[in-house]
Amino acid sequence: MTATGVAPHAVFGPVTVYFGDKTGKYPDGNQVVVRGRDTTAVFDTPQVANRLGGVLAEADLAILGHVHEDHMAGLHLMPGKPVWVHVADVEAARSWQGLSRHYGYPRPVLDGLRKKFERDFHYRPRPDATAYADGAVWELGGVRVRAVHMPGHTAGHCVLLVEPAGIAFIGDIDLSSFGPYYGDATSSLADFRRTLAQLPLLPATVWVTSHHKGVFTDRSAFLAALQAFAARLDEREARLLQLLADGVLGLDELVRQRLLYRPDVHDLWVDSAERRTITQHLDELMADGRVVSDGQARYSLAA
């Protein structure tokens with residue numbers, strides 16, 4: 001059910017989803033607000049939070065499904081209010097040093113990104129952030145939120161499940177045509193594969209993404225989108241194998257060929273994300289015996 005008001009939004013019982021620009025396309029996102037009888041919680045705080053008037057000011061706490069700059073863009077509107085973050089991501093919320101380790105990019109890249117984050121995402125560390133674990137529950141009064149650890153995008157990425165309504169905020173398992181992103185230091189391709197297999201098992205009837213797709217209310221449509229999203233992993237693997245079939249290649253050369261981004265994309269983090277992504281695929285392929293390395297960061301198809 002859609003409605004109009006402070007921003008385009010949809011209401012599902014206790015949950016309101018405020019849609020960011022272009023259905024939350026990065027750098028924006030979709031803001032989820034859960035209103036219980038006693039407590040109001042927000043999930044993440046994307047750029048759209050800054051256009052919602054007093055919505056965040058009226059909230060009692062923020063629960064982050066994971067930590068990235070675009071999910072912290074409204075935390076400055078909640079000074080002194082509790083911010084909860086999974087234990088594997090919490091240090092990235094608490095300090096710039098923690099966020100730097102989270103990304104794992106070279107220092108010059110991080111220096112440029114910090115300026116961008118402060119300018120475009122109102123970035124401020126939250127040293128008061130409190131860690132939660134898999135299975136954590138927040139009772140809001142007639143409504144509860146349960147964290148389900150589903151890593152891959154980050155080490156601490158969680159689905160936040162609103163019960164008993166069966167509404168799952170699946171965060172940056174965003175079901176976009178870009179496909180899964182696992183290009184940072186704490187990201188994991190292997191974990192993402194496991195997460196994608198587990199996601200359909202959640203007891204949900206509504207699925208909300210941080211970006212792009214917004215809301216799914218039809219299970220068959222959700223499963224089709226999830227299948228297409230997961231297929232991007234095999235497509236990337238096939239492209240990498242084709243590049244190697246054309247000759248022995250070094251890691252730097254593979255990065256220049258691009259596995260994730262179009263050649264015309266030149267954001268600060270692109271080369272680092274490509275390197276991390278390609279390395280994880282190569283590690284899988286070598287473990288399977290399909291690719292070999294000469295020990296000098298050069299790779300070829302196994303004989």
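The residues of the chain are indexed from 1 along the displayed sequence.
Checking side-chain atoms of His212 against main-chain N and O of Thr209 turns up no donor-acceptor pair under 3.5 Å. Put simply, the side chain of Asp44 never gets that close to the backbone of Pro46: no donor and acceptor are under 3.5 Å apart. Distance alone, capped at 3.5 Å, places no donor-acceptor pair between the Thr40 side chain and the Ala59 backbone. A donor-acceptor contact shorter than 3.5 Å links the side chain of Asp28 to the backbone of Val48. No donor-acceptor distance shorter than 3.5 angstrom exists from the side chain of Lys213 to the backbone of Thr23, with no hydrogens or angles considered. Arg276 contributes no side-chain N or O that, together with a main-chain N or O of Asp271, makes up a donor-acceptor pair within less than 3.5 Å. Arg144 places no side-chain N or O within donor-acceptor distance of the main-chain N or O of Pro164, the cut-off being under 3.5 Å. Without hydrogens or angle criteria, Asp218 side chain to Ser220 main chain gives a donor-acceptor distance under 3.5 Å. At least one donor-acceptor pair under 3.5 Å links the side chain of Arg258 to the backbone N or O of Val265. For Gln47 (side chain) and Gly20 (main-chain N/O), no donor-acceptor pair under 3.5 Å exists by modelled atom type.
Distance CZ/Arg114 to NZ/Lys116: 16.0 Å, rounded to 0.5 Å. In this structure, Thr130 OG1 and Ile63 CD1 are separated by 11.5 Å, a value rounded to the nearest 0.5 Å. Residue Gln280 holds its CD atom at 11.0 Å from CZ of Arg236, rounded to the nearest 0.5 Å. To the nearest 0.5 Å, atoms CG (Leu259) and OG1 (Thr279) are separated by 10.5 Å. Note that OG of Ser300 and CG of Leu244 are 7.5 Å apart. Values are rounded to the nearest 0.5 Å. Summarising the geometry, atom CG belonging to Leu110 is positioned 12.5 Å from atom CH2 belonging to Trp269; distances are rounded to the nearest 0.5 Å.
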request  = Begin with the C-alpha distance, continue with both residues' side-chain angles, and end with the deciding distance and a verdict on ring pair (Phe, Tyr, Trp, His ring centres under 6.0 Å) for Tyr132 and Trp138.
outcome  = CA-CA 10 Å; Tyr132 67 80; Trp138 294 264; 5.0 Å; yes
message = Determine whether Tyr103 and Tyr105 satisfy the following criterion, ring pair (Phe, Tyr, Trp, His ring centres under 6.0 Å), listing intermediate values before the conclusion.
response = CA-CA 6 Å; Tyr103 286 112; Tyr105 303 155; 5.2 Å; yes
Trace of the ring pair (Phe, Tyr, Trp, His ring centres under 6.0 Å) decision for Phe229 with Phe178 = CA-CA 8 Å; Phe229 184 73; Phe178 181 85; 9.1 Å; no
ask   = Arg193 and Glu284: salt bridge (Lys or Arg N to Asp or Glu O under 4.0 Å), yes or no, with the steps?
value = CA-CA 12 Å; Arg193 290 189 188 279; Glu284 280 193 350; 3.0 Å; yes
task = Show the numbers, then the answer: is there a salt bridge (Lys or Arg N to Asp or Glu O under 4.0 Å) between Asp128 and Arg94?
result = CA-CA 7 Å; Asp128 58 322; Arg94 287 173 174 168; over 6 Å; no
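No donor-acceptor contact under 3.5 angstrom links the side chains of Ser293 and Arg298, judged on distance only. Under the 3.5 Å distance criterion, with hydrogens and angles disregarded, no donor-acceptor pair is assigned to the side chains of Asn30 and His211. With 3.5 Å as the limit, one finds no donor-acceptor pair spanning the side chains of His153 and Asp191. No donor-acceptor contact under 3.5 angstrom links the side chains of Thr186 and Asp184, judged on distance only. A donor-acceptor pair shorter than 3.5 Å can be found between the side chains of Tyr26 and Glu69. The closest side-chain donor-acceptor pair between Asp89 and His157, if any, does not fall under 3.5 angstrom.
Salt-bridge check for Arg232 with Glu235: passed, with a basic side-chain N closer than 4.0 Å to an acidic carboxylate O.
Between His76 and Phe121, a ring centre-to-centre spacing not shorter than 6.0 Å is recorded. Ring pair His86/His149: centre-to-centre distance below 6.0 Å. Residues Tyr123 and Trp96 place their aromatic rings such that the two centres sit under 6.0 Å apart. If you look at Phe192 and Tyr181, their ring centroids are not closer than 6.0 Å.
Neither Val67 nor Val145 shares a network with the other; the hydrophobic side chains, linked directly or stepwise wherever heavy atoms of I, L, V, M, F, W or Y lie under 4.5 Å apart, form separate groups for each. Following chains of ILVMFWY side-chain contacts shorter than 4.5 Å, one cannot reach Trp84 starting from Leu75, and the two form parts of different hydrophobic clusters. Both Leu285 and Leu249 are part of a single hydrophobic cluster, where members link through side-chain heavy atoms under 4.5 Å apart. Leu260 is not connected to Leu233 by any chain of hydrophobic side-chain contacts under 4.5 Å among Ile, Leu, Val, Met, Phe, Trp and Tyr, and they are in different clusters.
For the pair Leu226 and Leu196, the minimum side-chain heavy-atom distance is below 4.5 Å.
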